[in-house]
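Report on the following structure.
Because the structure is predicted, anything quoted here is derived from the model rather than measured.
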Amino acid sequence: MSGRLLRLVCTAAVAAGTVLAPLPAAAVPEPPAPGGRSASELLTDLQRLYQKAEEATETYNTTAEKLKEQRAEVRRLDGQLARARLSLHDSRGAAGRLARQQYQNSTDISPYVRLLLARDPQHALDQGHVIGQLARERAETVGRLTGSEKKADGLARKARAALDRQLTLSVRQKKDRDAVRKKLDDVEELIASLTEEQLGAVAELERTDVEAAQEDLVTSGALGDGEGDGEGEGSGEPTRAADRAVRYAVQQLGKPYEWGAEGPETFDCSGLTSEAWGHAGRPIPRTSQEQWARLPRIPLRELRPGDLVVYFPKATHVAIYLGGGQVVQAPRTGEKVKVSPLASHPILGAVRPDKGQGQDRDVR
């Protein structure tokens with residue numbers, strides 16, 4: 001991370017009350033817990049519940065994105081259908097005018113007989129030409145009318161089907177929302193059952209676990225030597241877009257986590273990452289699972305600021321890499337956007353939204 005960016009992160013973190021590095025390890029008390037469970041068992045239960053809540057949140061976010069796209073599709077089809085109906089109205093009007101004109105000029109005498117009886121055969125021929133032209137125009141008008149009717153009918157069917165899909169997604173979104181609330185209720189129920197001493201023990205155990213995981217990650221060499229060599233895709237310096245994404249994320253430090261939120265006052269994990277890169281001029285998928293599935297993956301040893309670190313086997317959590325083994329993340333319900341060690345959760349891998357744009361470096 002560049003010196004200016006690092007100073008920005010440190011200043012914002014201090015202002016938000018965020019600790020950049022873990023405190024020295026301390027002995028973790030093991031007070032009695034409900035049902036005879038230890039602090040480690042309680043922590044395991046809480047982490048499991050939080051993860052389930054986050055999985056439900058990402059499912060909700062996915063449905064919400066599909067619903068947004070489907071609503072746009074319904075609006076598009078409604079616009080097309082309105083234009084098709086206007087065209088159909090015009091075609092019917094033209095067909096009606098031709099029908100009235102043909103009725104007014106109609107006769108039971110065939111054109112051949114009229115030609116034989118005519119005093120001026122040339123005039124009769126000219127009149128027949130006009131009648132023929134009118135007949136061709138009528139055929140073309142009827143053809144346009146038929147085509148307009150078919151188009152309008154087809155668009156009406158598509159619009160009805162799109163609306164049906166929208167209604168189905170709306171029902172699914174409600175179910176997904178209820179599932180998230182149920183998972184969060186389970187978390188709150190467990191937390192409410194604990195004493196302050198037990199909560200303190202769980203929090204301390206979680207901190208020391210993260211500290212140990214971070215130490216293992218650093219000493220394993222998985223992060224490489226210095227986050228890249230300054231050149232190419234593995235460089236530790238971010239592109240201008242990545243730098244802007246990091247700066248946006250850092251500016252959100254201290255704002256509350258809220259599931260399903262995309263800012264500007266509250267965020268969930270993927271809401272923060274998608275908004276950060278959106279503000280950087282590089283729109284990315286909304287959910288952590290789609291970010292993992294659709295963005296270019298990179299090895300951890302090539303991490304540079306702005307890359308996204310994805311967590312858990314189902315890719316249900318994501319954070320923005322700051323450099324120096326730290327990330328900024330919207331952690332979970334009850335917490336705020338903060339700077340955390342890279343190994344705060346089990347790492348699945350990393351992705352780079354601007355991979356292949358190495359020429360756009362922000363050189364300082």
Spell out, yes or no, whether [X] and [Y] are grouped together once hydrophobic residues are joined by side-chain heavy atoms under 4.5 Å, including indirect joins.
{"X": "Trp259", "Y": "Val337", "result": "no"}
{"X": "Leu169", "Y": "Val171", "result": "no"}
{"X": "Val250", "Y": "Tyr257", "result": "no"}

Worksheet item: Who pairs with Arg286 by salt bridge (Lys or Arg N to Asp or Glu O under 4.0 Å), at least two apart in sequence or on another chain?
Response: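 Partners of Arg286 under the salt bridge (Lys or Arg N to Asp or Glu O under 4.0 Å) test: Glu262, Asp268.
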When the side chains of residues 287-294 are checked against the rest of the protein, which donor-acceptor pairs come out under 3.5 Å, sequence neighbours left out?
from: Thr287; atom 1: OG1; to: Glu290; atom 2: N; distance (Å): 3.1
from: Ser288; atom 1: OG; to: Glu58; atom 2: OE1; distance (Å): 2.9
from: Ser288; atom 1: OG; to: Ala315; atom 2: O; distance (Å): 2.6
from: Gln289; atom 1: NE2; to: Lys314; atom 2: O; distance (Å): 3.1
from: Glu290; atom 1: OE1; to: Arg294; atom 2: NH1; distance (Å): 3.3
from: Gln291; atom 1: OE1; to: Thr273; atom 2: OG1; distance (Å): 3.2
from: Gln291; atom 1: NE2; to: Thr273; atom 2: OG1; distance (Å): 3.1
from: Gln291; atom 1: NE2; to: Pro285; atom 2: O; distance (Å): 3.0

Using a strict threshold of under 4.0 Å (side-chain N to carboxylate O), is an ion pair present between [Y] and [X]?
{"X": "Arg332", "Y": "Glu335", "answer": "yes"}
{"X": "Lys182", "Y": "Asp178", "answer": "no"}
{"X": "Asp307", "Y": "Arg352", "answer": "yes"}
{"X": "Glu69", "Y": "Lys66", "answer": "no"}

Could you tell me which residues satisfy side chain to side chain contact (heavy atoms under 4.5 Å, CB included) with [X], sequence neighbours excluded, listed by chain and number?
{"X": "Arg157", "result": "Asp153, Arg160"}
{"X": "Asp185", "result": "Glu188"}
{"X": "Ser344", "result": "Val210, Gln329, Ser340, Pro341"}

Item to complete: Not counting sequence neighbours, list each pair that qualifies as a ring-ring contact (aromatic ring centres under 6.0 Å, His included) and has a residue in residues 266-289.
Response: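 Every pair satisfying ring-ring contact (aromatic ring centres under 6.0 Å, His included) with a residue in residues 266-289: Tyr248-His279.
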Discussion item. To the closest 0.5 Å, what do you measure between CG (Leu67) and CG (Asp176)?
Written reply: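 The distance works out to 10.5 Å.
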Worksheet entry | Under 3.5 Å: donor-acceptor pair, side chain of Glu275, backbone of Leu272 |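 Answer holds: no.
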Item to complete: Return the minimal non-hydrogen interatomic distance between Cys269 and Ala330, and the atom names on each side.
Response: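 So the two residues come closest at CB-O, 3.6 Å.
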Practice prompt. Would you mind reporting whether Leu49 and Leu184 have side-chain heavy atoms less than 4.5 Å apart?
Written response: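 SC-SC contact between Leu184 and Leu49 ruled out.
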